[in-house]
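Below is one structure; the comments refer to it alone.
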Amino acid sequence: MSKLPTYTKSQLALRNGQDKPEVWIAYKGLIYDVTDSRLWRNGKHYEHWAGQDLTPELKDAPHDEWVFQNFDPIGKLG
């Protein structure tokens, strides 16, 4: 994990499925590319928006952090 590139919050914010085609989210300091997930079409997953750190929002989700096991981290949030 230490070899992952570091991205700023501004770089993450651009990967919201609207400004750029990539759909990225962050959780606990790691960034995940969820572009290919059918659940993140157009950068929205229920009431959650891509391009941001979703760590504080997980408590409102119907699932736990195990869901991130389905995605490989592509970077670190710096």
Side-chain angles (χ1 to χ4, degrees):
M1 297 267 184
S2 63
K3 295 182 182 185
L4 292 174
T6 300
Y7 296 96
T8 65
K9 285 185 177 184
S10 296
Q11 290 172 307
L12 174 62
L14 289 173
R15 275 60 177 202
N16 59 17
Q18 306 294 314
D19 296 311
K20 291 186 180 275
E22 297 93 359
V23 181
W24 292 2
I25 57 172
Y27 179 71
K28 288 191 174 179
L30 294 176
I31 296 175
Y32 298 88
D33 185 342
V34 295
T35 304
D36 293 333
S37 172
R38 64 177 178 77
L39 299 174
W40 279 97
R41 295 282 184 239
N42 300 316
K44 188 170 191 297
H45 175 65
Y46 297 98
E47 71 275 358
H48 305 288
W49 291 94
Q52 59 183 317
D53 184 355
L54 298 178
T55 303
E57 295 187 31
L58 189 68
K59 67 182 183 323
D60 297 328
H63 54 73
D64 205 343
E65 64 185 25
W66 60 264
V67 72
F68 292 98
Q69 295 175 7
N70 297 322
F71 303 98
D72 293 323
I74 61 160
K76 295 185 282 188
L77 186 58

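Keep in mind the model is a prediction, meaning the values are calculated, not measured.
Within a 6.0 Å sphere centred on CG of N70, other residues, nucleotides and ligands contribute more than 12 heavy atoms.
Two different hydrophobic clusters hold I74 and V34 under the rule that ILVMFWY side chains link at heavy-atom gaps under 4.5 Å. Under the 4.5 Å side-chain heavy-atom criterion for Ile, Leu, Val, Met, Phe, Trp and Tyr, L77 and Y27 are members of distinct hydrophobic clusters.
In this structure, W24 and Y7 have perpendicular ring planes: the angle between them is above 60°, well past the 30° mark.
One distance of note links NZ of K20 with CD of Q11; it measures 9.5 Å at 0.5 Å rounding.
Shortest non-hydrogen contact noted between L12 and A26 is CD2-CB, 3.7 Å. Shortest non-hydrogen contact noted between L4 and K76 is O-CE, 3.5 Å. Across every non-hydrogen atom of T55 and K28, the tightest pair is OG1-N, 2.7 Å.
Checked by atom type and distance alone, the side chain of N42 never pairs as donor or acceptor with a backbone atom of K44 at under 3.5 Å. A donor-acceptor distance shorter than 3.5 angstrom exists from the side chain of T35 to the backbone of V23, with no hydrogens or angles considered. The backbone N or O of W40 lies less than 3.5 Å from no partner atom in the side chain of H45, so there is not a single donor-acceptor pair.
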Exercise for the section: Check the pair F68 / L30 against side chain to side chain contact (heavy atoms under 4.5 Å, CB included), numbers first and verdict last. Expected result: CA-CA 10 Å; F68 292 98; L30 294 176; over 6 Å; no

Exercise for the section: Begin from the C-alpha positions of N16 and W49 and carry the test side chain to side chain contact (heavy atoms under 4.5 Å, CB included) through to its verdict. Expected result: CA-CA 7 Å; N16 59 17; W49 291 94; over 6 Å; no

